[in-house]
Amino acid sequence: MIGIFKKIKQLLNLYSNNEQSYDNQYSNEEEQDPLKNKMLTGKLHDDMQELKIVFERFSDIVYREFQIGSKKGTLIFLDGLVNMELIDSDILKPLLNYEKKQLNPPRIHLLKQLFLEQVITTSQISHGQKIPEIIDHILSGDTVLLIDGMQQALFISLRGWDKRGVEEPATEAVVRGPREGFTESLRTNTSLLRRRLKTPKLKMELTTVGRLSKTDIVLTYLEGIADDSLITEVRDRVNRIDIDAILESGYIEELIQDNPFSIFPQISYTERPDKVAGNLLEGHIGILIDNTPFCLIAPQTFFQMLQGSEDYYLRYPIASFVRWIRYLFLLIALLLPSLYIALTTFHQEMIPTNLLLSIAAARETVPFPALVEALIMEISFEGLREAGIRLPRPAGQAVSIVGALVIGQAAVQAGIVSSSMVIIVALTGIASFVFPSYNLGNSIRILRFPMMILAGTMGVYGVLLGMIALQIHICRLRSFGVSYFSPVAPLDTHSLKDVVVRAPWWTMTRRPGLGVNGKGKRMKDTLRPSPYRENK
């Protein structure tokens with residue numbers, strides 16, 4: 001036994017040494033970068049040679065050379081990332097029409113006065129003289145202007161790549177509410193939020209993550225409403241990320257959550273700008289990532305996963321009823337197959353006699369126990385659901401619906417499964433689609449299988465043990481320091497107005513205190529509606 005522990009320790013030390021050597025190798029590669037601190041020389045020919053070495057084998061790089069008086073100049077940009085019409089109208093024509101001979105001094109104040117104020121009229125323009133800075137601006141879609149004799153480069157923002165228009169989110173459709181959804185363009189997404197919250201308190205902090213992708217990320221929050229410690233924690237976690245590339249918001253979500261080994265999502269995501277604005281008004285923080293239409297929201301609690309944006313657009317009795325339906329179907333999606341297995345296997349005395357006889361008659365020809373039967377049907381249903389998602393849209397729905405009907409009917413006729421089990425699995429599948437949060441539905445789908453195994457081995461006692469373990473796990477979870485099961489644990493009676501029911505707006509005068517700065521009021525107490533009384 002001692003020898004086994006020594007061997008494990010040696011393997012762990014070897015792994016640690018390998019990780020350290022990889023880190024040292026990466027740091028050495030950064031230090032050996034020949035262009036890390038290189039500056040422009042002011043000689044156009046030499047500077048262009050340096051840049052052409054960097055952009056070697058770039059089929060989409062464009063070098064547009066021109067002459068201004070006695071000076072030569074070059075525009076550098078990537079085809080497909082810039083607006084070619086604006087380059088011609090806002091840069092080339094003003095430069096070629098400029099005939100003055102004031103281009104000799106390379107001093108920066110003359111450069112700003114000459115080009116920023118007199119020649120180039122583009123609003124977004126900056127300057128720099130480091131080669132790595134020039135490379136980053138070109139790869140980001142900016143146009144770089146170099147002029148012989150000047151040790152400064154102009155960075156002109158004329159980005160014009162193709163992008164998807166604002167459309168209704170397919171995964172978060174509503175009957176009543178805005179039809180706008182985020183796109184893959186970061187600036188489009190920030191503008192959608194600005195249109196809803198026209199206040200200087202809406203802050204947007206820009207940072208870049210990814211050594212190769214250099215993905216732009218915006219942290220957005222309402223100053224004075226979001227807690228300062230929460231803002232600092234989110235900012236620090238994002239800035240600590242050191243990875244090659246960020247291709248989607250899922251990268252950020254997995255790298256900054258509190259407990260990455262939990263099955264429950266601790267950060268939510270949405271395509272709806274109105275939902276993000278509503279969360280910002282309650283003190284949460286939004287994380288917008290370039291090249292993805294999903295915005296992350298932190299912190300997140302279990303009960304917020306069951307709240308839809310439409311709940312606040314409908315009248316409160318209807319919204320409360322819809323929430324009760326969600327809670328009911330949450331229990332059905334998690335426990336219905338397990339309870340069926342437990343009752344039919346261990347606790348037949350709990351089933352009414354007529355129903356028990358009907359179930360027994362249906363299972364008379366089934367050769368498998370209830371647990372195996374349920375596993376076969378659940379796995380088949382999950383396979384059909386994935387097939388419907390991956391297939392082309394015109395054929396996906398037809399295949400999933402017809403496949404479920406044909407396979408279910410054939411399985412019953414062949415005696416592989418019972419008709420009652422088909423009904424149970426169908427109800428469970430319908431219940432798993434009720435949740436407004438898709439990632440919570442995925443968690444319930446996975447938890448259903450261990451609950452079925454516990455029910456098939458220990459009956460109702462196994463189901464109770466599973467629920468107790470699940471409740472303990474949920475109560476121990478944290479999302480950026482906020483209890484995952486709040487406001488129930490710890491109890492916050494004021495915030496309960498928006499958990500089990502959706503109370504009328506005039507009763508929810510204070511913001512919820514979910515570990516954020518929820519002490520401020522969002523509504524006057526005098527706005528309670530009063531009945532109409534005829535003056536006599």
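Below, all heavy atoms of this structure are taken into account, side chains as well, without hydrogens, waters or symmetry copies.
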For [X], salt bridge (Lys or Arg N to Asp or Glu O under 4.0 Å) partners two or more places apart:
X	value
E253	none
R478	none
R196	E180
K203	E223

Let me know which of E271, E248, E184 forms a side chain to side chain donor-acceptor pair (under 3.5 Å) with T292.
->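 Filter result, single survivor: E248.
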Should [X] and [Y] count as side-chain neighbours, where that means a heavy-atom distance under 4.5 Å?
X	Y	result
Y313	D274	yes
S249	C295	no
Q266	F302	no
L247	N291	no
L206	I217	no
D227	I231	no
F485	T301	no
I318	R502	no

Distance (rounded to the nearest 0.5 Å) between [X] [atom1] and [Y] [atom2]:
X	Y	atom1	atom2	value
L280	T199	CG	OG1	11.5 Å
L186	D216	CG	CG	6.0 Å
D60	D79	CG	CG	7.0 Å
L288	L219	CG	CG	9.0 Å
D136	K130	CG	NZ	11.0 Å
Q304	Y484	CD	OH	9.5 Å

Check: [X]/[Y] side-chain N/O donor and acceptor closer than 3.5 Å:
X	Y	value
Q300	S479	no
S185	T188	yes
T215	S213	yes

So, using ring pair (Phe, Tyr, Trp, His ring centres under 6.0 Å) as the criterion, who are the partners of [X] when residues are at least two apart?
X	answer
F480	none
F58	F55
F329	none
F435	none

Between [X] (side chain) and [Y] (backbone), is there a donor-acceptor pair under 3.5 Å?
X	Y	value
E254	P260	no
H137	D142	no
R237	I256	yes
T270	R272	yes
T428	A333	no
R235	L230	no
N189	T183	yes
S443	I263	yes
K497	T507	yes

Minimum heavy-atom separation for [X] and [Y], please, with both atom names.
X	Y	value
V501	S320	CB-OG, 3.5 Å
L197	L202	O-CD2, 3.8 Å
P265	N439	CB-ND2, 3.5 Å
I430	V434	O-CG2, 3.6 Å
E282	I225	C-CG2, 4.3 Å
E310	R176	OE2-N, 3.0 Å

Side chain to side chain contact (heavy atoms under 4.5 Å, CB included) between L306 and L440: does it pass, once the steps are laid out?
-> CA-CA 8 Å; L306 294 168; L440 177 62; 3.8 Å; yes
List the steps, then state whether side chain to side chain contact (heavy atoms under 4.5 Å, CB included) holds for I289 with I252.
-> CA-CA 9 Å; I289 299 99; I252 303 294; 4.2 Å; yes
Sort and list the pairs that fulfil ring pair (Phe, Tyr, Trp, His ring centres under 6.0 Å) and have at least one residue in residues 215-270, not counting sequence neighbours.
->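 Output for this query lists Y269-F294.
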Donor-acceptor pairs are to be reported for all side-chain atoms of residues 466-477 against protein atoms at under 3.5 Å, with residues two or more places apart or in another chain.
unit_1, atom_1, unit_2, atom_2, d
H473, NE2, S262, OG, 2.8

Could you name each residue pair satisfying salt bridge (charged side-chain N to carboxylate O under 4.0 Å, His left out) that touches residues 445-463, not counting sequence neighbours?
->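 Listed once each, the pairs are E378-R448, E382-R445, E382-R448, E386-R445.
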Test log, rule side chain to side chain contact (heavy atoms under 4.5 Å, CB included), inputs W506 and Y316 = CA-CA 11 Å; W506 63 83; Y316 66 91; 3.9 Å; yes
If a pair satisfies side-chain hydrogen bond (donor to acceptor under 3.5 Å, both in side chains) and one of its residues is in residues 321-332, list it, with sequence neighbours excluded.
->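 Counting only pairs at least two positions apart or across chains, the side-chain hydrogen bond (donor to acceptor under 3.5 Å, both in side chains) contacts touching residues 321-332 are D311-R323, D311-R326, Y312-R323, R323-D498.
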Carefully, step by step, assess I134 and F155 under the rule side chain to side chain contact (heavy atoms under 4.5 Å, CB included).
-> CA-CA 8 Å; I134 295 173; F155 309 133; 3.7 Å; yes
